[in-house]
Protein chains: 2
Amino acid sequence: MSSKASRWTKQLEVIMDIVYRNEFNLTADEVYAEARTQVPNISLGTVYRNLNKLVQTGYIASVQKGQVQTFSKHPFTNAHFECVKCKRVLRVPFDLRTTDLSKKVGMEVTNFELRMTGVCRECESKCI
Amino acid sequence: MSSKASRWTKQLEVIMDIVYRNEFNLTADEVYAEARTQVPNISLGTVYRNLNKLVQTGYIASVQKGQVQTFSKHPFTNAHFECVKCKRVLRVPFDLRTTDLSKKVGMEVTNFELRMTGVCRECESKCI
DNA sequence: CCTTTGTTGATAATAGTTACTATTATGAGC
DNA sequence: GCTCATAATAGTAACTATTATCAACAAAGG
């Protein structure tokens with residue numbers, strides 16, 4: 001149990017709400033832009049702080065895309081294919097469960113991402 | 001086939017060699033430090049340029065760890081568990097083949113990484 | 001040779017994220 | 001409600017990893 005009491009702020013609520021209302025992965029900047037419509041002078045640092053807090057407490061999940069961190073309410077179904085040529089990241093369907101992974105690694109997996117790399121169909125056919 | 005001819009330079013060779021001699025994933029900085037012992041005035045930009053070139057041609061693989069990109073000769077067996085508390089990244093054994101993945105997604109998968117997140121055993125027992 | 005063009009080193013620039021600090025606001029106990 | 005300790009905030013600077021820029025260089029082919 002943590003020794004430091006966590007406080008429920010307007011900002012935290014707004015950020016949590018944005019992630020939960022959204023179906024897809026959001027970057028911190030996207031959350032920031034959305035949050036500013038509700039709390040005009042909210043700071044980007046606050047957005048990062050609260051997003052990371054929510055990840056650590058397990059309320060939301062974080063997935064790395066290239067060099068940017070993204071956040072979503074979905075703690076699963078994250079399989080991506082990244083093209084080494086055009087750098088695009090494509091979502092691909094994949095059935096893999098956190099419960100199965102937890103058993104395999106012997107630790108509680110709350111989220112996962114399967115990131116594959118290669119050359120996408122488009123670049124392959126273009127012979128870039 | 002590419003239209004621009006690629007040249008085999010001393011720097012490219014040194015960088016390729018470093019990655020191939022090493023069993024584990026290296027950051028660009030680590031490759032840079034090592035490369036400087038052989039080519040004292042090599043530039044960090046050159047290291048990045050060549051590492052990315054090697055990734056694109058498929059000679060080496062790149063795996064994202066947190067916010068840093070790492071490079072390795074292993075194009076497979078990349079399963080990691082990242083703790084959301086202590087931020088450590090642990091390697092975990094996992095059997096998953098690129099050939100099987102290629103079939104599933106319908107594109108040639110040259111490399112993949114299964115990244116799981118959760119709370120590691122140590123942090124779990126400490127109740128941080 | 002001489003031209004073309006890929007590569008390099010040095011450095012500036014960028015992107016994403018975190019750290020710092022004075023100020024504000026939350027919430028537990030009165 | 002009011003007080004007070006302190007967590008959280010806004011604003012901004014700093015930091016880290018990576019990429020872009022560019023003059024100088026070097027290899028390959030006529």
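Just so we're on the same page: letters track the sequence lines, and every chain starts at 1.
- Only B:Leu44, B:Tyr48, B:Asn52, listed by number, bring a heavy atom of residues 34-56 of chain B to less than 4.0 angstrom from any atom of DNA chain D.
- Considering every non-hydrogen atom in both A:Met116 and B:Phe112, the closest pair reads CG-CB, 3.8 Å.
- Across all their heavy atoms, A:Lys73 and A:Asn22 have their closest contact at CE-O, 3.6 Å.
- Atom OH of A:Tyr32 is separated from atom P of D:dT9 by 14 Å (rounded to the nearest Å).
- B:Arg115 contributes a side-chain N or O that, together with a main-chain N or O of B:Gln64, makes up a donor-acceptor pair within less than 3.5 Å.
- A sub-4.0 Å separation between OP1 or OP2 of C:dT24 and a side-chain N or O of A:Thr9 is absent.
- Nearest nucleotide to the side chain of A:Ala28, out of C:dT7, D:dA17, C:dT17: C:dT17.
- Of the candidate nucleotides D:dT6, C:dT8, C:dG16, D:dT6 has the atom nearest to the side chain of A:Arg7.
- B:Arg121 places a side-chain N or O within 3.5 Å of a backbone atom of A:Gly106 that can act as its donor or acceptor partner.
- The distance from atom CZ of B:Phe71 to atom P of D:dA17 is 12 Å, rounded to the nearest whole Å.
- Taking 4.0 angstrom as the limit, A:Gln69 places none of its side-chain polar atoms (N or O) nearer than this to OP1 or OP2 of C:dG16.
- In this structure, the side chain of B:Ser62 does not engage the main chain of B:Phe71 through any donor-acceptor pair within 3.5 Å.
- The interatomic distance linking A:Glu13 (CD) with C:dA25 (C1') rounds to 15 Å, in whole Å.
- Atom C1' of nucleotide C:dG9 and atom CG of B:Leu12 are separated by 16 Å, given to the nearest angstrom.
- To the nearest 0.5 Å, the span separating OG1 on B:Thr70 from CD1 on B:Ile60 amounts to 9.5 Å.
- For B:Gln67, no side-chain nitrogen or oxygen approaches OP1 or OP2 of C:dA15 to under 4.0 Å.
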